[in-house]
Amino acid sequence: MTYQPKSEFLREIIARGFLADCTDLQGLDETLLKGPVTCYIGYDATAKSLHVGHLLNIMLLRWWQKTGNRPITLMGGGTTKVGDPSFRADERPLLTPDQIDANIAGMQRVFDRYLGYGAGETDAIMLNNAEWLDGLNYLDFLRDIGRHFSVNRMLSFESVKSRLDREQSLSFLEFNYMILQAYDFLELYRREGCVLQMGGSDQWGNIVNGIDLTRRVLEAEIFGLTTPLLTTSDGKKMGKSQGGAIWLDGEMLSPYEFWQFWRNTTDADVGRFLKLYTEIPVAECERLGALEGAEINEAKIVLANAVTTLLHGAEAAAAAEATAREVFEKGGMGEDLPTLTLSAAELAEGISVAQLITRSGLAKSGKDAKRLIAEGGARMNDAALTDAGLMIGADDLAQPIKLSAGKKRHALVMLAE
């Protein structure tokens, strides 16, 4: 990089590895040096919670606010009704307005952990694009906005081109998505003076569309900035685990399981993840990431504690660490482990251990549970399981049972009081 930014935000995020591309790095830097700047990231409300895949850009917004600027979290109450086709093989399922509203409420609980909302100059605000998209007059929109878009250019974007090259259907509904997202940027500039849209690298085409539209309609100078699409050092998509998505809502994934996800980071990723997902100074992140042998495990605990503290609080992080040490170092049960509670009625005829492994979330299906047992990867109270048909009754649960899948994933099974 030849240009060396002077603004605190850009210096911080570049040092930490957040920057993939920027439409005009020097122009954005000069704008930032003049005072508080407003930016936004958009989030379609496709699930009840955000997940670890969103966390990189949530941290980006947090640094944006910490360095004296105003973030907007834009909820896609309107665009969720269409669905972003970017790099998907099929159309997203359409949600009802009530489902979308419920999802937005769940996502807001996560944002509240990372950003300070309010009416101050650098306080975050949350907006919903349904506010301006729901009431659009179609003919007026085509005439005033649609005329600025070239279909030839839209077809050239990689997110669309890859779908068409594979001869997978792209509906007209989805094709409109990029126009609606571009219109969001125009509206946010008009309403809030927002001059920057940030997002993942897969959103580059949509961001550039919004910049072009706003320049054409209002002759405004605005910017786009993207973060890299992260994979772990072994090539896996960041945020995925054997059990599925790593949710940021404590009701969908316990703080212990969240902590454990970070504790299980591979050695090669520790330094990079410390820079991206914590606020620990860069030099210390690099020192911790360079540790080897048993010492790198302590760096992983630092990572897990720091990330969990930001989301769930210091008390939850400390409890998760204590549970992990009890389970792994002392062979104990660990009160904070994910727990499956069964009634006496459910156990009247007994339940197979394979079913318990599945219901406790340690396997996706009974077939997976049986394979886990057959391959020697399942344990009950730290003893190897060999019989998938072993039946467990109420008497067996006079004391909680600890189930394990491999060395790192555990759950408790208890009898309801």
Side-chain angles (χ1 to χ4, degrees), residues 9-10 13-14 17-25 28 37-47 50-64 71-92 107 111 126-129 133 145 148-150 153-164 170 173-189 192 194-215 222-231 237-239 276:
F9 172 74
L10 287 176
I13 69 159
I14 289 170
F18 281 93
L19 181 63
D21 288 296
C22 183
T23 54
D24 180 1
L25 191 65
L28 176 58
V37 177
T38 299
C39 86
Y40 88 98
I41 296 179
Y43 298 86
D44 279 345
T46 53
L50 298 160
H51 55 71
V52 161
H54 295 108
L55 192 51
L56 185 75
N57 283 332
I58 295 174
M59 289 300 295
L60 188 66
L61 286 175
R62 184 174 170 88
W63 281 112
W64 180 259
I72 297 174
T73 45
L74 180 66
M75 299 292 97
T79 43
T80 303
K81 296 170 185 173
V82 175
D84 184 359
S86 297
F87 301 99
R88 286 182 61 87
D90 52 10
E91 190 170 345
R92 292 180 185 274
M107 293 163 70
F111 283 120
M126 181 172 285
L127 299 176
N128 186 335
N129 63 16
L133 294 181
I145 303 301
H148 294 292
F149 288 84
S150 160
R153 187 161 180 266
M154 292 164 73
L155 289 171
S156 73
F157 284 121
E158 187 59 32
S159 58
V160 173
K161 191 171 178 290
S162 62
R163 184 97 158 252
L164 298 178
L170 179 73
L173 178 70
E174 294 175 287
F175 195 59
N176 273 271
Y177 182 91
M178 63 182 74
I179 301 178
L180 296 177
Q181 185 170 325
Y183 185 67
D184 282 345
F185 204 168
L186 173 66
E187 276 297 312
L188 288 172
Y189 178 80
E192 302 293 340
C194 179
V195 298
L196 173 66
Q197 181 183 359
M198 302 194 293
S201 287
D202 60 337
Q203 293 300 311
W204 180 257
N206 289 332
I207 291 172
V208 170
N209 269 337
I211 292 171
D212 288 346
L213 176 64
T214 307
R215 284 175 177 165
I222 58 176
F223 308 94
L225 184 152
T226 59
T227 54
L229 293 179
L230 280 193
T231 56
K237 188 175 181 181
M238 179 60 187
L276 293 171

(request) Quick one: closest heavy-atom pair of Ser201 and Pro228, and the distance? (result) OG-CA, 3.8 Å

(request) Taking ring pair (Phe, Tyr, Trp, His ring centres under 6.0 Å) as the test, write out the residues that go with Phe223, two or more places apart. (result) none

(request) Enter the distance from Gln203:CD to Leu225:CG here, rounded to the nearest 0.5 Å. (result) 13.5 Å

(request) For Glu192 and Leu127, work out which heavy atoms get closest and say how close. (result) CG-CD1, 4.0 Å

(request) Taking ring pair (Phe, Tyr, Trp, His ring centres under 6.0 Å) as the test, write out the residues that go with Tyr189, two or more places apart. (result) none

(message) If you take the centroid of each ring, where Trp contributes its six-membered ring, are Trp64 and Phe9 closer together than 6.0 Å?
(response) yes

(request) Output yes when a side-chain donor or acceptor of Asn129 lies under 3.5 Å from a complementary backbone atom of Gly78, and no otherwise. (result) yes

(request) Of all the heavy-atom pairs spanning Phe185 and Gln197, show the shortest one and how long it is. (result) CZ-N, 3.5 Å

(request) Compare every heavy atom of Tyr43 with every heavy atom of Leu61, then report the nearest pair and how far apart it is. (result) CD1-OH, 3.7 Å

(request) State the CE-CD1 distance between Met198 and Ile13, to the nearest 0.5 angstrom. (result) 7.0 Å

(request) State, to 0.1 Å, how close Ala45 and Met107 come at their nearest heavy-atom pair, and which atoms those are. (result) CA-SD, 3.8 Å

(message) I'd like to know if the side chain of Asn209 and the backbone of Ala182 have a donor-acceptor N/O pair within less than 3.5 Å.
(response) no

(request) Compare every heavy atom of Ile41 with every heavy atom of Asn57, then report the nearest pair and how far apart it is. (result) O-CD1, 3.6 Å

